[in-house]
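See structure below.
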Amino acid sequence: MLQHLHPKFSVITVTYNAGAVIEDTIQSVITQTYKNIEYIIVDGASTDKTMSIVNRYRDRIHTVVSEPDRGLYDAMNKGIRLATGDYVCFLNAGDELHEDDTLQLIVHSLAGLSELPDVIYGRTAIVDREGHFLRMRRLEPPENLTWRSFRQGMLVCHQAFFARRDRAVAYDLRYRFSADFDWCIRVMKQSTVLHNTRLTLIDYLNEGMTTRNHRDSLRERFRIMCRHYGTVQTVALHLKFAIRLLYKK
């Protein structure tokens with residue numbers, strides 16, 4: 001007899017002064033056709049209209065916390081502790097689930113599996129403030145993802161990476177900009193079944209980073225890669241990247 005898996009998704013949105021973009025994110029979750037969801041919003045004591053918008057939808061949101069925190073990844077750790085679902089998914093303020101039936105399509109993609117995979121992943125579309133499609137994310141998810149895949153960079157967007165809650169380790173607060181990169185690798189290291197949905201799961205808001213933060217993020221990623229893949233191999237990979245860029249010019 002065919003077993004139908006019916007996982008519960010804990011969708012977690014971390015916010016701080018996100019009044020300009022939070023409503024679209026909320027609506028993309030509460031309008032999902034799949035109903036086995038708990039929605040958690042962890043706010044860092046916003047001083048703008050974020051919480052007044054959140055309160056409009058309070059009856060559709062399972063848990064709301066608004067209090068000072070130690071930054072983005074500390075708030076994400078709070079979200080993990082509050083979650084009760086089979087999977088955790090981090091949907092940043094401004095980002096959206098790709099379609100109203102995205103979670104239902106994910107569940108359909110599990111047909112034929114006898115148990116829940118450790119990680120579910122998919123593709124990411126880049127959109128503007130109005131939600132208009134700009135392009136697909138430059139880095140494409142591999143057909144068969146493993147923890148070694150991220151030697152080539154973060155091939156799966158953090159938001160399109162659904163980790164089973166019992167695999168969801170805490171974010172390492174030593175990293176200010178790239179703890180999500182480290183988190184995904186550590187989750188994958190203790191996972192055996194990683195399921196490629198082959199679906200576009202997330203609309204990612206094209207906000208861009210400041211040059212300074214981007215550089216800091218790259219430095220952190222280098223340190224993370226050295227930690228997980230070894231310094232010699234990481235340096236060798238970066239030399240290959242540099243040579244490839246020179247040949248493209």
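Both backbone and side-chain heavy atoms feed into the values below; hydrogens, waters and symmetry mates do not. Model, not experiment: these values are computed from the prediction.
- By the rule that hydrophobic residues join a cluster once side-chain heavy atoms approach within less than 4.5 Å of another member, W147 and F181 end up as members of one cluster.
- Inter-residue side-chain proximity for L72 and R176 is flagged as unmet; no heavy-atom pair is nearer than 4.5 Å.
- One side chain, Y57 or Q27, offers a donor N or O that lies under 3.5 Å from an acceptor on the other.
- A salt bridge links D172 with R227: the distance from a Lys NZ or Arg NE/NH1/NH2 to an Asp or Glu carboxylate oxygen falls below 4.0 Å.
- Put simply, V11 and I26 are part of the same group of oily side chains (I, L, V, M, F, W, Y) that touch within less than 4.5 Å, one to the next.
- The salt bridge (charged side-chain N to carboxylate O under 4.0 Å, His left out) contacts involving residues 15-37 comprise E23-R56, where partners must be two or more places apart or lie in separate chains.
- With sequence neighbours left out, the side-chain hydrogen bond (donor to acceptor under 3.5 Å, both in side chains) criterion links H228 to D182, K189.
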Task: S178 vs S217, side chain to side chain donor-acceptor pair (under 3.5 Å): CA-CA, chis, key distance, verdict - done: CA-CA 6 Å; S178 295; S217 176; 2.8 Å; yes

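- Contact of the K8 side chain with the I37 side chain is not registered, since no non-hydrogen atoms from C-beta on lie closer than 4.5 Å.
- The six-membered or imidazole ring of F90 lies away from that of F162, with a centre-to-centre distance of 6.0 Å or more.
- The main-chain N or O of L103 is found under 3.5 Å from a side-chain atom of Q32 such that the two form a donor-acceptor pair.
- Partners of F222 according to the ring-ring contact (aromatic ring centres under 6.0 Å, His included) rule, which considers only residues two or more places apart in sequence or in another chain, are H238.
- For H6, the ring-ring contact (aromatic ring centres under 6.0 Å, His included) test picks out Y34, with sequence neighbours left out.
- Take R60 and apply the side chain to side chain contact (heavy atoms under 4.5 Å, CB included) test, not counting sequence neighbours, and it matches I30.
- A donor-acceptor pair under 3.5 Å links the side-chain atoms of T50 to the main chain of G19, judged by distance alone.
- Counting only residues at least two apart or on different chains, no ring-ring contact (aromatic ring centres under 6.0 Å, His included) pair has a member in residues 115-137.
- The side chain to side chain contact (heavy atoms under 4.5 Å, CB included) check on H62 picks up E38, with sequence neighbours excluded.
- Evaluation of the salt bridge (charged side-chain N to carboxylate O under 4.0 Å, His left out) rule for D100 yields no partner, not counting sequence neighbours.
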Task: Derivation of the salt bridge (Lys or Arg N to Asp or Glu O under 4.0 Å) call for D118 and R164 - done: CA-CA 5 Å; D118 300 301; R164 228 170 66 180; 3.8 Å; yes

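- A side-chain donor-acceptor contact under 3.5 Å links S46 to the backbone of N17.
- Through direct or relayed side-chain contacts under 4.5 Å between Ile, Leu, Val, Met, Phe, Trp and Tyr, L218 connects to no other residue.
- In this structure the side chain of Q159 reaches within 4.5 angstrom of the side chain of Y204, judged on heavy atoms.
- If you take CG on D69 and CE on M76, they are separated by 11.0 Å, rounding to the nearest 0.5 Å.
- Partners of R123 under the side chain to side chain contact (heavy atoms under 4.5 Å, CB included) rule, at least two apart in sequence or in another chain, are M136, E140, P141, T200.
- When the side chain to side chain contact (heavy atoms under 4.5 Å, CB included) test is applied to V187, the partners found at least two apart in sequence or on another chain are V119, F161, A163, R167, V169, W183, S191.
- Side chains of L201 and I106 form a contact here, defined as non-hydrogen atoms less than 4.5 Å apart.
- The shortest side-chain heavy-atom distance between T13 and N92 does not fall under the 4.5 Å cut-off.
- Comment: R174 does not engage E220 in a salt bridge, judged by the lack of any side-chain N to carboxylate O separation of less than 4.0 angstrom.
- Residues satisfying the ring-ring contact (aromatic ring centres under 6.0 Å, His included) criterion with Y39, sequence neighbours excluded, are absent altogether.
- Rounded to the nearest 0.5 Å, atoms CZ (R58) and CE (M51) are 5.5 Å apart.
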